[in-house]
There are 4 protein chains.
Amino acid sequence: MTEQRLSTWETRTEWPMAVLAAAFLVAYAWQVLHLSAPAWLHLALEIALWVIWLVFAADYVIRLMLAERKLRFVWRHLFDLLAVALPMVRQLRALRVVTVLRVLNRKASTAFRGRVAIYVGIVTLLVSFAAAIAVLDAERGNPDAGIDSFGKALWWTLTTISTVGYGDVYPTTWEGRLVAASLMIGGIALLGVITGMIASWFLERIQQTEDTVNKTVRATVHQETDELHVELVTLREEVSRLREQLANQKPS
Amino acid sequence: MTEQRLSTWETRTEWPMAVLAAAFLVAYAWQVLHLSAPAWLHLALEIALWVIWLVFAADYVIRLMLAERKLRFVWRHLFDLLAVALPMVRQLRALRVVTVLRVLNRKASTAFRGRVAIYVGIVTLLVSFAAAIAVLDAERGNPDAGIDSFGKALWWTLTTISTVGYGDVYPTTWEGRLVAASLMIGGIALLGVITGMIASWFLERIQQTEDTVNKTVRATVHQETDELHVELVTLREEVSRLREQLANQKPS
Amino acid sequence: MTEQRLSTWETRTEWPMAVLAAAFLVAYAWQVLHLSAPAWLHLALEIALWVIWLVFAADYVIRLMLAERKLRFVWRHLFDLLAVALPMVRQLRALRVVTVLRVLNRKASTAFRGRVAIYVGIVTLLVSFAAAIAVLDAERGNPDAGIDSFGKALWWTLTTISTVGYGDVYPTTWEGRLVAASLMIGGIALLGVITGMIASWFLERIQQTEDTVNKTVRATVHQETDELHVELVTLREEVSRLREQLANQKPS
Amino acid sequence: MTEQRLSTWETRTEWPMAVLAAAFLVAYAWQVLHLSAPAWLHLALEIALWVIWLVFAADYVIRLMLAERKLRFVWRHLFDLLAVALPMVRQLRALRVVTVLRVLNRKASTAFRGRVAIYVGIVTLLVSFAAAIAVLDAERGNPDAGIDSFGKALWWTLTTISTVGYGDVYPTTWEGRLVAASLMIGGIALLGVITGMIASWFLERIQQTEDTVNKTVRATVHQETDELHVELVTLREEVSRLREQLANQKPS
């Protein structure tokens, strides 16, 4: 029993879910950045956010029901549970970027092979944008906050992911610090993922070398001794014919 | 003489010691975080801390006595001596986390193989928690200190281990700076341990490839020439029979 | 069709363009650092900068015209388009350093092999100098800026590329922050390039080992079995001669 | 002509020079840390520092004279020239640590093999101590400086080498910033050296695997075919004896 039904569902919903997650991020960013939006637009975006969130929650419940071993599913998809539960807190909505990243990540291991730079670039851009939006949303309410515009939020994101951390802007609210924590932990995790990717390529390459050399050894030795076999067989036939010749001579 | 008695003792006391170290950390954290604890509870925790510390001191003395070469033991277990001597200073009690990490580390090299991420995650979480508790304990007494709550202590730990270091919170007392120093040096050491782990995996993998290829070469060449041997033996028998045949013809 | 004309042009203009880019940087640095320059010198440098920029723009247009597949050229040389378009903004002129780096980079993969340290050192020096000039140019106009001399600009560059980021000096204008962003992103990219270089060396080395071992296997097995062939041929001749001898005996 | 005389001299003076450099550092540290030293002690230390410096200058001149190709020597030992010329500036005296490190480095490539951690630890400790002394010496004169005690100098060194850089203490004088620059550049260089060390170990290991497998292939194939040779020779002898037997039968 290898969770057939679950993986079928996940394969089918993978892309729609990534698109929905992207739509969620766009709606959230719109809401945060377009402060002067009329009330109806703000409301429409809020409703859209909640509807998309409901779809994600439903997806999680369906996957949990499809799973044969419920407990193991919850344990192995702890991150998904967080991604569903946390965006209910306003400032953590940007965590939805994780869903986009997961799809990207699955594609990356096959499609981006050897193009780590592109993969890392896209992930960094996506995460930075999400973090900047989220930290702006979190900090804007605080009159003492240094991060009061999208530009400053981007600048903060940059000084943080480069680990320079001048300290001219930094989150002052607990929601902002939670965003910063996600960004920092995400950055460390990304480094881990890249290291793992490169390491697994090396191990694969070594495995491939092992296989190629083994194959060469087998093929070369086999082919060369095959020729020796042929010659030995010919020789035996010669000796056999010699014996026949001798036997025929007997009567003489 | 390979320190048989010592290693037997260490293997047996490994888990109890790790559990005791964890209990020590919990008691210490309780004392630090539960400020409004009644006097009797505070005293009970203090007594528990000292009792556990005595057990650790006794363990060190027993191991020293079991060791055949005392000086070599002290030199090779300098870190253990520190871990016993330092927690007498209140703010360095959190260093006891090292004992838990040592057991984890020994398990890690076998159990977490290929799951560096999990290992690093657990170690980072443990060390961060211990550092946050310790720095809070150290800094709280100083009225000028920025770190005056567990939340701020955690935030400081995060900005420190990510090396971002905004400078909005930082230790101001010498005890707090000692905690920070341990955390920074520990972080650099962790990076070293991870690099070493990955490197040793590569070297092992290359060794394994070398062994596999060598084995393949030996097996393949041996098997193929064995068949040639068999054929040569058959040929020799043919020739022998030919000689016999020829010898039998003689009288004719 | 492999963009023959384009690559011929690029190979021929590679060095002149790098020299021009270096001249551009020198003229720009001169303008920034020599504040008390007479008006005519300032104007002359400005004209030189614009003339060199025109040459670069012309080079881009010519390459675009030479390219068989225009769209693919624009997409693949997005960076070149930026390097032509951006230096029109005064403070981003230092980005021209990228042109020098590109030539250096192409040479690096062959000439600096095994001397990564030298390559990284030269790149870091060039980029640091360009960043210091650019940030000084951007910040000097702002009365609140901490970066008001070339020395402070260099000190800022150093604290930034080492990611220490004390926060005693940092850019306060948007142009300065754009320079900082370029420096940080460039630093991360440089780390990526170095990692890629080292990784590709390893993969090449493994490939080389695979080839050498395969060759050894083939050569050794071939040579040794060749000797066996020779002996078998000799044996067959012996047996043939035996048959002849036997045939000659027939009449007896 | 392989600079025989030069390398003989360098091998012989290696250890004395390292000891002298260590003595220089100790005398310098003493002078800096023991502020209340009587005038005669301060003078004695100053004289000792100048005498040792003269020995180093003399050593450089002697090596330059021993070198066959003077210009190449100066170019290749640019670092040594700096190490002789710079300590004339008071605050750069700590750079003398480089001489100790060079000897350590040469030993490291053979003795510390596989113990990178120990090597890195010793280098980091030495460099940190030297940097703390130097920055204290540089900053103490400035009334606005944050670094006014050896403890604070050590704390600054730690926040700098870990790249955390809170910004609570940082150098404010140009001499102090030069020390910081040396420390940062030294740190980046150390990372490079470690990476290079690990990389060269891998390449060596792969080379060793290549050699071992090649040897196994040659030995195995040679040995096995040798046995076949022996059998073939025996067979030929059989056939030869058969021919003799047949020849002897002729007269019958």
Side-chain angles (χ1 to χ4, degrees), chain C residues 114-117 120-121 124 151-152 154-155 157-170 194-195 198-199 201-202 205-206 208-228 230-232 234-239 241-242 245-246 248-249 252, chain D residues 146 156 159-172 174 177-178 180-181 183-185 187-189 192-193 195-196 198-200 202-203 206-207 209-211 213-215 217-222 224-226 228-229 232-233 235-236 238-240 242-243 246-247 249-252:
Chain C
R115 297 182 187 185
V116 196
V120 172
T124 307
K152 281 213 170 170
L154 270 181
W155 171 243
T157 307
L158 192 70
T159 59
T160 300
I161 59 172
S162 64
T163 80
V164 171
Y166 295 121
D168 54 341
V169 281
Y170 49 83
I194 300 166
T195 309
I198 295 176
W201 287 349
F202 272 113
R205 191 64 195 75
I206 294 176
Q208 190 190 318
T209 296
E210 190 181 308
D211 294 348
T212 310
V213 169
N214 277 345
K215 221 173 122 185
T216 306
V217 167
R218 284 202 193 97
T220 311
V221 172
H222 196 80
Q223 187 202 323
E224 295 280 349
T225 53
D226 252 25
E227 290 176 23
L228 289 175
V230 169
E231 288 188 35
L232 275 171
T234 321
L235 192 63
R236 238 162 91 183
E237 279 165 11
E238 288 273 297
V239 173
R241 249 172 296 152
L242 190 66
Q245 205 173 338
L246 199 64
N248 292 344
Q249 259 185 338
S252 80
Chain D
W156 168 80
T159 58
T160 299
I161 58 172
S162 65
T163 81
V164 172
Y166 294 121
D168 53 343
V169 280
Y170 49 82
T172 52
W174 287 111
R177 284 175 183 164
L178 220 61
L183 188 62
M184 290 172 190
I185 293 169
I188 296 171
V193 168
T195 309
I198 295 176
S200 78
F202 272 113
L203 293 180
I206 295 176
Q207 179 63 51
T209 295
E210 190 180 310
D211 294 348
V213 169
N214 277 344
K215 221 173 122 187
V217 167
R218 285 202 193 97
T220 311
V221 173
H222 197 79
E224 295 280 348
T225 52
D226 253 23
L228 289 175
H229 278 299
L232 276 171
V233 165
L235 192 63
R236 239 162 90 184
E238 288 272 297
V239 173
S240 283
L242 192 64
R243 277 179 65 191
L246 197 64
Q249 257 184 342
K250 227 180 194 169
S252 77

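Quick caveat: nothing in here was measured; it's all calculated off a predicted structure. Labels below follow one simple rule: chain letters A, B, ... track the order of the sequence lines, proteins then strands, and each chain is numbered from 1.
A donor-acceptor contact closer than 3.5 angstrom is absent between the side chains of C/Tyr166 and D/Thr159.
In this structure, chain C has heavy atoms under 4.5 Å from both the backbone and the side chain of D/Leu242. At a 4.5 Å heavy-atom cutoff, the contact between D/Val164 and chain C is made by backbone atoms alone. For D/Ser162, no part sits under 4.5 Å from any heavy atom of chain C, backbone or side chain.
Your options are D/Ala180, D/Gly187, D/Ala199, and the one with the most heavy-atom pairs under 4.5 Å with chain C is D/Ala199. Contact count versus chain D (heavy atoms, under 4.5 Å) is highest, among C/Arg241, C/Glu231, C/Lys215, for C/Glu231. Top candidate by heavy-atom pairs under 4.5 Å with chain D, chosen from C/Thr225, C/Thr234, C/Leu154, is C/Thr234. Between chain D and the options C/Leu235, C/Leu232, C/Val217, the largest number of non-hydrogen pairs under 4.5 Å is found for C/Leu235.
Taking all atoms of both residues into account, the shortest heavy-atom contact from D/Pro171 to C/Trp155 is CG-CH2, 3.6 Å.
Ion pair C/Glu238/D/Arg243 flagged as a salt bridge, since at least one NZ, NE, NH1 or NH2 atom sits closer than 4.0 Å to an Asp/Glu carboxylate oxygen.
Atom NE2 of D/His222 sits about 9.0 Å away from atom CD of C/Gln223, to the nearest 0.5 Å. Distance CD1/C/Ile206 to OG1/D/Thr209: 10.0 Å, rounded to 0.5 Å. One distance of note links CG of D/Leu228 with CD of C/Glu227; it measures 11.5 Å at 0.5 Å rounding.
Scanning for side-chain hydrogen bond (donor to acceptor under 3.5 Å, both in side chains) contacts around D/Gln207 gives C/Arg205, D/Asp211, with sequence neighbours left out. Qualifying side chain to side chain contact (heavy atoms under 4.5 Å, CB included) partners for C/Thr212, counting only residues two or more places apart in sequence or in other chains: C/Gln208, C/Thr216, D/Glu210, D/Asn214.
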